[in-house]
Amino acid sequence: MSTIDRRTFLLAGALAAAGVGLAGCTFPTDWVRLEASAVESLRRRIRGTVLVSGDGGFTEAWMPRNGRYADTVPQLAVRVADDRDVATCLSWSAEQGLPIAVRGGGHSYGGLSTTRGLVIDLSQLSDVDVGSDGLMTVGGAATNADVLEATVGSDWLLPAGTCLSVCVGGLALGGGIGYHSRWAGLTSDHLRSARVVTADGEVVDASADEHPDLFWALRGGTGGTFGVVTEFRFDAARVPRDDIVYYRFAWTGADAALAVLVELDRIQQSAPAEFIASAGVQATPVGDDGPRAAMDVFVRGQFLGSEEDFRAIVAPLLEAAEPSTTDVRVEPFWEVAPRFTNPASENHSWGDISRYADAPLPEAALARVVDLLADAPSRSATTNVQFWMIGWVGGPVIDAVGRTDTAYVHRGMTSLLRPTPVWANLTDASLVADLEEWTAAAIDVLDPHTPRESYQNFPNRAIEDWEAQYFAENLERLREVKSTWDPRGVFASAQGITPSA
Ligand SMILES: Cc1cc2nc3c(=O)[nH]c(=O)nc-3n(C[C@H](O)[C@H](O)[C@H](O)COP(=O)(O)OP(=O)(O)OC[C@H]3O[C@@H](n4cnc5c(N)ncnc54)[C@H](O)[C@@H]3O)c2cc1C
């Protein structure tokens, strides 16, 4: 088999492993021809593992969680062991003219952690250490699960995300929101320092005292943009000693969906930092009562205070529509916290677009969103549409940091709204187009009533003015930092900040 034939074969194998059909398999236009001797020389220099298609572990080292990007197959992936390996990958790929992508846990909504070149897989850098003073040292690809395991039962919590397989690094570099951010702040607001392998292979520490411009950019400017962070140091939050309230309420039907969204939106305008809520509405398979009745609605969260005060806050919500189930428990903090975690889901595809809100939405707009849910293009368990109203993003703790104090700009918000289509991999393209159209229609409804800001950790390639929506008034400064630390654009992606002109 000639070199080129073998490579075609390997690429086809990798695509097949990714669930991508073989028919019409051709070389991507940006494919760089690699000599076997070059790969061998890399193997000799790397302490970790160099993987090519056909090697055990290759797929796990690059496969994006969002199945939409499963056809962006790298030529090789390097499971790095340390900073030096990262620097070696950067210099070697520059010699070969090969693009690189940095991968933590592969959760990028926009598939930004894979490439047709070399994937730098950080998964071995997953150590977590918690000091008695709450100073946490977290490896560049430690997951939410690793961090939770290291802190559960202790006095300390790093407010991070919900999905256990998401890496805290990728999360923190774009902000980091979750069920604890409203009372404890964003993950990035807890960052004390980061060890960074820069575009030219230098290893630097970034903190308020050392390279403060880089430190500023790392707190919200997104991963894969300014360097490879191999280790983070966070100041953890102290967990409440008193028992807290966990709750989950559920309803069904479009009328309840509208009443709940309107009332929760109103409550969140003035709720204390201790009240945390998110609402979800999902179109479900249509039964005898028609499409408007086929909608699951829930609100869940926690309250760091007494049950009496909690019930006073949620009373209007429960009066707005009668729930089908209610679950309220008063429990120690560490019994509640694991309830907000989700295991990694089966590989599937999704395409949500997020919008922050900073004021109550008109009822007519929410009614239109509910109408769109009733007209869902698909309602199966694997292919459906949902609407999320996430109240984790606002409140006095998050807003104690100013919009330009860190690269995460979205302060002064009350909720994050997310029309969310999900679909099984290999779903028919026309149905995917319908789902995307549905999402765009929902964003059109929200657009006049929200600032044009979108969460950079939920990147979607359909957002044309993504730089403005993710970074707003921080964009120019981010470009300047990029010019200083990566003027040649080594860390590039479909939605990566470019250096100032
Ligand atoms: C199922 C699911 C649940 C989620 N839940 C939440 C949530 O509750 N809260 C929230 O805020 N976000 C959430 N997210 C979004 C998540 O924060 C981002 O997708 C995050 O960037 C994922 O990081 P990762 O390392 O797992 O993914 P990757 O795709 O590997 O990385 C994401 C980006 O960060 C870069 N990157 C990763 N690690 C590093 C590093 N150490 N140094 C430099 N660059 C790096 C990558 O190059 C890529 O551009 C969720 C995503 C999914 C898919």
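Whatever order the structure lists them in is the order used to number ligands and atoms, beginning at 1. Bear in mind that the values here come from a model prediction, so they are computed numbers and not experimental data.
If you look at W183 and F303, their ring centroids are not closer than 6.0 Å.
Side chains of R355 and T450: a donor-acceptor N/O pair is present below 3.5 angstrom, by distance only. Of the N and O atoms on the side chains of T406 and R411, at least one donor lies less than 3.5 Å from an acceptor on the other residue. A donor-acceptor pair shorter than 3.5 Å can be found between the side chains of S165 and H107.
The closest protein non-hydrogen atom to atom 12 (N) of ligand 1 is L171 CD1, 3.4 Å. At the top of the distance list for atom 9 (N) of ligand 1, counting protein heavy atoms only, stands I177 O, 2.6 Å. Given atom 49 (O) of ligand 1, the protein heavy atom at minimum distance is G223 O, 3.5 Å. Nearest to atom 15 (C) of ligand 1 among the protein's heavy atoms is N457 O, 3.5 Å. Protein heavy atom closest to atom 44 (N) of ligand 1, with residue, atom name and distance, is G224 N, 2.9 Å. Of the protein's non-hydrogen atoms, the one nearest atom 47 (O) of ligand 1 is V102 O, 2.5 Å. Among protein heavy atoms, the minimum distance from atom 14 (N) of ligand 1 is reached at F458 CE2, 3.7 Å. What sits closest to atom 41 (N) of ligand 1 on the protein, heavy atoms only, is V229 O, 2.8 Å.
Considering every non-hydrogen atom in both T439 and L435, the closest pair reads OG1-O, 2.8 Å. Contact detail for W438 and T420: the closest heavy-atom pair is CZ3-N, 3.9 Å.
Here the side chains of D200 and V490 are not in contact, with every heavy-atom distance at 4.5 Å or above. The closest side-chain heavy-atom distance from V229 to V196 is below 4.5 Å. At a threshold of 4.5 Å between non-hydrogen side-chain atoms, the residues I177 and L186 count as touching.
The neighbour count for E95 CD, taken as heavy atoms of other residues, nucleotides or ligands under 6.0 Å away, is above 12. Other residues, nucleotides and ligands place no more than 12 heavy atoms under 6.0 Å from the CD atom of E346.
Heavy-atom proximity to G176, at under 4.0 Å, picks out these atoms of ligand 1: 11 (O). Near W350, with a cut-off below 4.0 Å to any heavy atom, the atoms of ligand 1 are 53 (C). In summary, the atoms of ligand 1 found under 4.0 Å from a heavy atom of L173, numbered by their order in the structure, are 39 (C), 40 (C), 42 (N), 43 (C), 44 (N), 45 (C). Interface atoms of ligand 1 facing R103, defined by a heavy-atom separation under 4.0 Å, are 30 (O). Annotation for ligand 1: atoms under 4.0 Å from non-hydrogen atoms of C163 are 1 (C), 2 (C), 3 (C).
Of the protein's heavy atoms, none falls inside 4.0 Å of atom 33 (C) of ligand 1.
For G169, no nitrogen or oxygen atom sits less than 3.5 Å from a nitrogen or oxygen atom of ligand 1, counting backbone and side chain alike. The shortest N/O to N/O separation between G105 and ligand 1 falls below 3.5 Å. For V166, no nitrogen or oxygen atom sits less than 3.5 Å from a nitrogen or oxygen atom of ligand 1, counting backbone and side chain alike. The distance criterion of under 3.5 Å between nitrogen or oxygen atoms is met by T162 with respect to ligand 1. Residue F232 has no nitrogen or oxygen atom sitting less than 3.5 Å from a nitrogen or oxygen atom of ligand 1, judged on distance alone. Taking only nitrogen or oxygen atoms, main chain and side chain alike, S113 reaches within less than 3.5 Å of ligand 1. Between S165 and ligand 1, no N or O atom pair is found at a separation short of 3.5 Å. At least one N or O atom of G140, backbone or side chain, sits closer than 3.5 Å to an N or O atom of ligand 1. At a 3.5 angstrom cut-off on N or O pairs, V228 does not count as close to ligand 1. The shortest N or O to N or O distance between G161 and ligand 1 is not under 3.5 Å.
At a heavy-atom cutoff of 4.0 Å, ligand 1 is contacted by the side chain of L122 but not by its backbone. Using a 4.0 Å cut-off between heavy atoms, T143 makes no contact with ligand 1 at all.
Residue contacts with ligand 1: G106 is included, with a non-hydrogen atom under 4.0 Å away. Under the 4.0 angstrom criterion for non-hydrogen atoms, Y455 is in contact with ligand 1. By the 4.0 Å heavy-atom criterion, G227 is counted among the residues contacting ligand 1.
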Derivation and outcome, ring-ring contact (aromatic ring centres under 6.0 Å, His included), residues H180 and F333:
CA-CA 11 Å; H180 302 291; F333 180 85; 5.4 Å; yes

Does S123 form a side-chain hydrogen bond (donor to acceptor under 3.5 Å, both in side chains) with D121? I'd like the steps, not just the answer.
CA-CA 6 Å; S123 61; D121 168 21; 3.0 Å; yes

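When F458, Y69, W466, Y455 are each tested for a ring-ring contact (aromatic ring centres under 6.0 Å, His included) with Y109, only one passes: F458. Considering L164, V130, V138 as possible partners of V147, the one that fulfils the side-chain contact (heavy atoms from CB on, under 4.5 Å) test is V138.
Selection from Q456, Q495, H107 by nearest heavy atom to atom 22 (C) of ligand 1 gives H107. Considering only non-hydrogen atoms, atom 51 (C) of ligand 1 lies nearest to Y109 out of F226, Y109, Y69, F340.
With salt bridges taken as basic N to acidic carboxylate O contacts below 4.0 Å, none links D327 and R248. Classification of R479 and E467 as a salt-bridged pair holds, one side-chain N sitting under 4.0 Å from a carboxylate O.
For the atom pair CG (L361) and OG (S415), the distance works out to 6.5 Å, reported to the nearest 0.5 Å.
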